[in-house]
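Proteins get letters first, then strands, A, B, ... in listed order; numbering begins at 1 in each. Below, each value reflects all heavy atoms present in this structure, side chains not excepted, and no hydrogens, waters or symmetry copies. Note that the coordinates shown come from a computational prediction; the quantities given were computed from them, not determined experimentally.
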Protein chains: 2
Amino acid sequence: MKRARKAKRSYGSWATGKDVAEAAKVSLITVSRAFSMPERLAPETLKRVQKVAEDLGYIPNAVAGELSSRRSKVVAVVVPTLSNSNFARTIEGLVARLNKDGYELLLSSSAFSPDREAEIVATLLERRPDGIVLIGNDHSPKLEKMVTAIGIPVVELWALNGPILDMAVGFSDFDAMRSMTCHVLDQGRKYVGYVDFHTPGIRRYEERRNGFIAAVQANGCPDQLIFSSAAQKDYESGRLGLAALLEREPRLDAIIGCTDIHAAGAIFECARRGIHVPSVMSVAGFGDFEIAASIEPALTTIRSPAFEMGCHAASMLMAKIHGEDVSAKPKDVGFEIVLRDSVAPHASAA
Amino acid sequence: MKRARKAKRSYGSWATGKDVAEAAKVSLITVSRAFSMPERLAPETLKRVQKVAEDLGYIPNAVAGELSSRRSKVVAVVVPTLSNSNFARTIEGLVARLNKDGYELLLSSSAFSPDREAEIVATLLERRPDGIVLIGNDHSPKLEKMVTAIGIPVVELWALNGPILDMAVGFSDFDAMRSMTCHVLDQGRKYVGYVDFHTPGIRRYEERRNGFIAAVQANGCPDQLIFSSAAQKDYESGRLGLAALLEREPRLDAIIGCTDIHAAGAIFECARRGIHVPSVMSVAGFGDFEIAASIEPALTTIRSPAFEMGCHAASMLMAKIHGEDVSAKPKDVGFEIVLRDSVAPHASAA
DNA sequence: TTGTAAGCGTTATCAG
DNA sequence: CTGATAACGCTTACAA
């Protein structure tokens, strides 16, 4: 068990392909092939190289490989935040699918700032990723110019409507929220409030709000019962929303959150005030976060396949990277209304 | 605005430093310096190079830079899951601090499997990260051998007790849970249950459980009221825990979750059963997740500085990478009991 | 302040 | 099936 290592100025000491080649009495390229196309080596040669590599603790240097082959097997991902279990699930889907093909994930978060997002992408591009994954389609012009000029494959997630840079996977936030609102109205609710997202101007949240507005307008209900707070804490936002809307319209009999977290906050506030959910106040959410199934009462919400979205995105990237034709049409993964206990007819109507 | 680009077989078309050098009538190394040590160029030269680089849309190739300099400015991170807001926060702390120094983050998740973790690290090492961040200190021997052989800086997070590979940041889960349990007992609770984590054998959860046991034993209370379910859904686990423990010990008057999510699940189940919290049943959590402050009643819990842990980890890595001496002693970031409404004396005692 | 030359550790290409 | 050689695009080391 000899160790042939070089001491360099950097941390660590790595055996190189050359070290392995010498010890195994083959050429450098044979070592390379032992790792990239083992089936094309004579079984004995392969075995010998593998043995030597193992003994030397050889770990191929992918950096050199990238430079030489111009394929990095890395995908860059920028999310607005990691503290959103939907994005977290989506990233796990991405990782799972990408790892299967030997791809890795370079991650950063933008705190919902398009400018920061563009900066981050610019930096990540220095590492020559084979593809890029972004959330939503609210990007700075700088970013759009950059990625289109370079022609790198890009997938936008949670973004079906609006302009697409390259590829997209998502569902219609508008349709989903309109459906949900209609469901609430169908239960006989008349004064339906809406708790909006804290950061204005994000298309998918505007879609949701517009879906809500479209539904209440079509039913001749008031369309002004919309609350939004600058508080970044979503539960808190839900609590405040319920309080504020109730003050504005005492007859409020339902409230819809732009996410489950906002809805859960509203339920908590109802519990504190002794307002019964769902008979007096119906509450609906969006996202089917883990809490939705467990909160008391269980939350009626919209489910969208977050994990699968990540998988899809990865597949589309893989396809495009491998030169396949990928449909320019955004992939609609759909949504589903999950009926639970937080939305119901009025107690009197029951 | 000329564009000197090369069309290669790969996606995209990138200008190289050589392109810039020629267009700016300087040598290649001057272009390199314009980006790495701009202050050491004549202002005019610098300006000229920058202008040309801008015009050509030049984005330096960090891959080539890494190979040449043997510094990747990349840190590899492996987490058990991203769907834990504490880890998510920690990663955000990491990203924030690392980005400040121009470092990027290569991320993967292990699904709580030490073997998978080792595999992932092996793969990530091919990209020659300058450092590694792991969660906890439950690793496979293979992983330990690998990183110690290579001598790469490693930080373990959420891990204060137990063997340390290199550096560690955390707090004492044992002390924290013992303190919390004592607090509950101090309120006059006698039959205190505990909802354990779904994956057995993870040291920090064992520490927590042992802290709980130590406290109840010291108080002469039953130490067998521990529930654990294989359900990966933590809220659900909390619900089931309350139900099961109540069946086992009808006098159960308090329940502690190994995380806030488990505790919240227990609160939801109490709500469903009409058991008043906190007067009849006191509930405590661990982690101060976002829900803790908002749930009704607000949850008494342990707060640990998750974001700061990420920052600390990054700082330690930076220090070690830059050759500074880093204390071998794990960094204790401490914890704090957050008193809210879910723990109180019995109604009769109040 | 700027430049020249020599790698870094792989893979692509072309030969045998 | 195996090999020699030339990139890949940058940085280090040493000169001028």
Side-chain angles (χ1 to χ4, degrees), chain A residues 4-22 24-49 53 56 58-74 102 125-128 130, chain B residues 4-49 53 56 58-73 102 125-128 130:
Chain A
R5 294 259 172 86
K6 300 174 180 178
K8 293 277 165 52
R9 47 194 160 296
S10 67
Y11 271 97
S13 46
W14 304 83
T16 70
K18 204 172 145 200
D19 297 334
V20 176
E22 283 165 7
K25 298 194 197 307
V26 292
S27 73
L28 174 55
I29 190 69
T30 300
V31 176
S32 171
R33 287 201 262 252
F35 286 85
S36 57
M37 23 215 274
E39 70 283 358
R40 289 179 51 177
L41 289 191
E44 288 178 20
T45 316
L46 177 60
K47 204 170 291 177
R48 183 154 38 98
V49 172
L56 295 182
Y58 171 62
I59 298 180
N61 185 329
V63 177
E66 288 172 33
L67 182 59
S68 179
S69 66
R70 268 142 299 187
R71 282 180 302 98
S72 64
K73 291 210 158 204
V74 163
L125 281 175
E126 298 186 4
R127 306 213 126 81
R128 300 298 189 264
D130 290 338
Chain B
R5 293 256 173 87
K6 301 174 179 180
K8 291 279 165 52
R9 48 194 158 295
S10 68
Y11 271 97
S13 47
W14 304 82
T16 70
K18 203 172 147 202
D19 297 334
V20 176
E22 284 166 6
K25 297 194 198 308
V26 293
S27 73
L28 174 56
I29 188 66
T30 300
V31 176
S32 171
R33 287 200 263 255
F35 286 84
S36 57
M37 23 212 276
E39 69 284 359
R40 290 180 50 179
L41 289 190
E44 289 177 19
T45 316
L46 177 60
K47 202 168 291 176
R48 184 155 38 97
V49 172
L56 294 183
Y58 172 61
I59 298 181
N61 186 329
V63 177
E66 288 171 34
L67 181 59
S68 177
S69 66
R70 269 142 298 189
R71 281 180 302 97
S72 64
K73 291 210 157 200
L125 281 175
E126 298 186 3
R127 304 213 128 80
R128 300 296 189 264
D130 290 338

Atom pairs under 3.5 Å, N or O on each side, protein against nucleotides 14-16 of chain C: can you list them with distances?
none

Whole angstrom is fine here: how far is it from [atom1] in [X] over to [atom2] in [N]?
X: A:Met37; N: C:dA12; atom1: CE; atom2: C1'; answer: 10 Å
X: A:Arg48; N: D:dC1; atom1: CZ; atom2: P; answer: 15 Å
X: A:Arg70; N: C:dA12; atom1: CZ; atom2: P; answer: 8 Å
X: A:Arg71; N: D:dC8; atom1: CZ; atom2: P; answer: 16 Å
X: A:Glu66; N: C:dA12; atom1: CD; atom2: P; answer: 13 Å
X: B:Arg128; N: C:dT10; atom1: CZ; atom2: P; answer: 7 Å
X: A:Arg40; N: C:dA12; atom1: CZ; atom2: C1'; answer: 12 Å
X: A:Ile59; N: C:dT10; atom1: CD1; atom2: P; answer: 11 Å

Seminar exercise, completed: Between A:Ala64 and B:Leu46, whichever has its closest DNA chain C nucleotide further toward 5' is B:Leu46

Exercise. How is B:Leu67 classified with respect to the nucleic acid when contacts are heavy atoms under 4.0 Å: base, sugar-phosphate, or nothing?
Worked result: base

For this session: Looking at every strand, decide which applies to A:Thr45 at a 4.0 Å heavy-atom threshold: base, sugar-phosphate, or nothing.
Result: sugar-phosphate

According to side chain to side chain donor-acceptor pair (under 3.5 Å), who are the partners of [X], at least two apart in sequence or on a separate chain?
X: A:Ser27; value: A:Thr30
X: A:Arg128; value: none
X: B:Ser32; value: none

For this session: Mind running side-chain contact (heavy atoms from CB on, under 4.5 Å) on A:Asn61 and A:Thr16 for me, showing each step along the way?
Result: CA-CA 8 Å; A:Asn61 185 329; A:Thr16 70; over 6 Å; no

Problem set entry | N/O donor-acceptor pair under 3.5 Å between B:Ser68 side chain and B:Ala64 backbone | no

For this session: Keeping to residues at least two apart or across chains, list the side-chain hydrogen bond (donor to acceptor under 3.5 Å, both in side chains) pairs with something in residues 34-49 of chain A.
Result: none

Exercise. By side chain to side chain contact (heavy atoms under 4.5 Å, CB included), which residues pair with A:Leu46, not counting sequence neighbours?
Worked result: A:Ala34, A:Pro38, A:Leu41, A:Gln50

For this session: Just compare D:dT2, C:dG9, D:dC10 and give me whichever is closest to any side-chain atom of A:Ala42.
Result: D:dT2

Exercise. Which listed nucleotide (C:dG3, D:dG3, D:dC8) is nearest to the side chain of A:Val26?
Worked result: D:dG3

Seminar exercise, completed: For A:Gly17 and A:Tyr58, the nearest pair of non-hydrogen atoms, with its separation, is N-CE1, 3.4 Å

Check nucleotides 5-7 of chain C for protein N or O atoms closer than 3.5 Å to its own N or O atoms and list the pairs.
residue : atom : partner : partner atom : Å
C:dG7   : N2   : B:Ser68 : OG           : 3.0

Exercise. Can a salt bridge be assigned to the pair B:Glu66 and B:Arg127 using a cut-off of 4.0 Å between side-chain N and carboxylate O?
Worked result: no

